[in-house]
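What you are looking at is a predicted structure, and each value in this text was computed from that prediction instead of being measured. Each chain gets a letter, A, B and so on, in the order the sequences are listed, and its residues count up from 1.
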Amino acid sequence: MNEELSLRDIRLQKLAKMRELGHDPYLVERFERSHSAKEMLEGFEEGKQIAFAGRVVSFRLMGKAGFAHISDGEAKIQGYFRKDDLGELGWDLYNLLDLGDHVGITGYLFVTKTGEKSIHVQTLTPLNKSLQTLPLGKEKDGQVFYGLSDVDMRYRHRHLDLICNAEARKALIQRMKMTSAVRRFMDSKGYLEVETPMLQMEAGGAAARPFLTHYNAYDLDVKLRISLELYLKRVICGDIPKVYEIGRVFRNEGVSNRHSPEFTMFEFYEAYSNLEDMMALVEEMFVHIATEVFGTTQVHISSDPNEEVTEGVASETGVVLDFGKPWKRLDLLTAIEDLAGVRREELADLDSARKAMERVGLPIEKENNLGGIIEKLLEKFVEPTLIQPTFLIGYPIETSPLAKKDPSNPKMTRRFEGYVRGRELCNAFSEINDPIDQRERFEQQVAERAKGDDEAHPLDEEFLFALEGGMPPCGGCGIGIDRMAMLLTGADHIREILLFPTMRPVQTVQTEE
RNA sequence: GGGCCUGUAGCUCAGUCGGUAGAGCAGCGGCCUUUUAAGCCGUUUGUCGCGGGUUCGAGUCCCGCCGGGCCUACCA
């Protein structure tokens with residue numbers, strides 16, 4: 001044959017030959033399937049007549065017969081193709097197939113001599129021609145050979161990853177299921193899902209640098225939102241008592257294995273309730289998510305991605321997270337006393353707090369407020385110990401500018417964070433509804449900003465105006481969906497649970513100009 | 001942002017002391033009507049990330065740039 005042809009050209013030629021035979025795979029619009037691969041394998045009935053469609057992912061040709069595995073994405077099943085059964089045309093089409101093509105087949109179920117549940121194919125309909133050589137691996141006893149392992153390519157061309165890597169596919173699908181499980185749970189609790197602006201004059205509700213963009217119609221510089229909080233509370237001020245939003249927020253900060261510049265926040269607010277109600281709701285929500293996505297409240301997370309995971313059963317390299325029990329509740333300052341060996345009296349003023357920090361071996365140069373020191377101690381000594389679901393309660397006022405003061409200790413707030421596997425999972429509090437208090441907190445933040453903290457909260461007059469109109473007492477909670485997905489899938493990189501993670505563009509040498 | 005590592009065929013990778021690039025899979029041509037990492041025979045494929053430099057000669061050594069990974073710093 002022509003040796004100058006590229007792999008793509010060869011496939012185009014096969015396409016042309018299919019058309020000469022009277023079958024144009026691109027003209028086919030639909031194919032009625034009776035079963036998925038999983039359904040056939042699980043409810044296997046020898047001799048049953050079926051119709052199935054999927055992608056050809058492996059081939060073994062043997063003269064006038066052959067085997068091919070066909071995957072519908074979820075699972076794959078082997079087809080047995082014989083010239084005698086397919087006829088001249090069918091057999092010719094079979095010989096024009098490439099790995100990666102989609103086909104529709106009809107036939108009946110049988111078991112091969114070597115014991116594999118298979119389809120004895122009677123008709124073959126090519127449904128597509130793949131023009132590229134897909135990096136499909138070979139497989140034996142669950143071990144995959146060759147295949148796609150270049151992480152750069154996996155992230156930039158995610159469709160290839162979804163086709164070729166079952167583990168990657170599984171984690172991404174679990175993430176999608178988590179989001180929809182959250183929605184179902186919130187809807188069932190009578191919450192309304194709302195949508196609030198992404199383009200904002202002042203991006204508030206969190207401590208982060210925003211992205212900037214421009215609004216042409218109003219000739220206005222605007223920012224992309226960094227949280228959902230302030231708008232959602234304005235909805236609470238409007239007497240819609242239970243609201244949530246799941247949506248993308250944007251923070252113009254560093255990229256790392258746990259940080260993506262755009263990520264998905266989930267926040268919910270409920271009038272007439274406080275942080276204890278939020279804890280109860282979070283506990284119940286995780287029972288729901290774990291049950292829907294993993295089928296159990298005992299979720300097994302393994303640090304070894306190749307390990308065969310059985311939910312609810314522990315292993316050497318994994319941990320079983322038990323969402324079935326109430327979460328542990330710890331007072332933040334008590335936890336620091338116990339684990340860092342720093343007494344709460346030492347954290348009463350800045351000087352003694354800095355000394356204590358130095359004593360336990362932490363750098364103190366940048367610390368100029370008590371809240372920052374407390375959070376450093378927490379991060380270093382407490383967080384790593386919080387493996388099973390735990391609520392840490394009582395956060396310092398300096399780092400909690402939207403949380404109600406604790407009446408028993410005005411330096412602390414009515415705020416908690418949930419931790420699992422040593423990582424923060426949610427952040428919640430009884431929301432400030434005193435507009436005077438809130439204004440003072442914002443002003444402290446503005447002062448911080450003046451001192452050079454460019455991530456301090458801006459003052460939001462519209463929000464304060466709404467608070468002055470009157471907000472009922474209210475509990476609120478935020479959960480980073482990406483972090484939650486990482487936690488529950490065992491992903492060690494945030495890109496593993498984002499379909500299309502932000503990547504630096506590859507510079508092309510030659511562009512058409 | 002800082003430190004360390006890395007980029008070779010469609011995919012997974014090897015390439016020694018600097019001597020002009022290789023294997024397996026995929027592909028192509030044969031044989032084979034229950035194979036399964038099918039097998040057997042034959043065979044094709046490269047901007048060695050990009051650009052400079054040293055050298056008679058660079059995938060290999062040096063410099064710069066681009067992409068990626070890990071650790072670290074900020075955060076969710």
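- Proximity of the aromatic rings of A:Tyr244 and A:Phe268 is defined here by a centroid distance below 6.0 angstrom, and this criterion is not met.
- With B:C25, B:U33, B:G68 as the candidates, the nucleotide lying closest to the side chain of A:Lys138 is B:C25.
- Across all strands, A:Gly480 comes closer than 4.0 Å to no nucleic acid atom at all (heavy-atom distances).
- The residue A:Ser256 sits close to a base: some heavy atom pair falls under 4.0 Å.
- B:G64 is paired with B:C50 under the Watson-Crick or G-U wobble criterion, all donor-acceptor distances under 3.5 Å.
- Among A:Tyr80, A:Phe81, A:Tyr94, the single residue meeting the ring-ring contact (aromatic ring centres under 6.0 Å, His included) criterion with A:Phe67 is A:Tyr80.
- If you check every strand for non-hydrogen atoms under 4.0 Å, A:Arg423 touches nothing.
- Residue A:Ser149 places no side-chain atom within donor-acceptor reach of the base of B:U12, judged by atom type and a 3.5 Å distance cut-off alone.
- Atom P of B:U8 sits at a distance of 15 Å from the matching atom of B:U16, rounded to the whole Å.
- Nucleic acid contact class of A:Ser260 (heavy atoms, under 4.0 Å, all strands): base.
- Base pairing of B:C31 is made with B:G39, judged by Watson-Crick or G-U wobble geometry with both donor-acceptor distances under 3.5 Å.
- Phosphate proximity of B:A38 to A:Lys140: absent, as no side-chain N or O sits under 4.0 Å from OP1 or OP2.
- Rounded to the nearest Å, the gap between the C1' atom of B:C17 and that of B:C32 is 48 Å.
- Nearest nucleotide to the A:Tyr146 side chain, out of B:A38, B:U12, B:G68: B:U12.
- In this structure, B:A58 forms no base pair with any nucleotide, since neither Watson-Crick nor G-U wobble geometry is met with both distances under 3.5 Å.
- Pair check for B:G1 finds B:U72; Watson-Crick or G-U wobble, both atom distances under 3.5 Å.
- For an aromatic pair to be called close, the ring centres must be under 6.0 Å apart, and A:Trp327 with A:Tyr419 fails this.
- Note that A:Arg415 lies in the cation-pi zone of A:Tyr395, set by a 6.0 Å cut-off to the ring centre and a 45° limit from the axis.
- In terms of polar N and O atoms assigned as donor or acceptor, the side chain of A:Glu116 never comes within less than 3.5 Å of the base of B:U35 in a complementary pairing.
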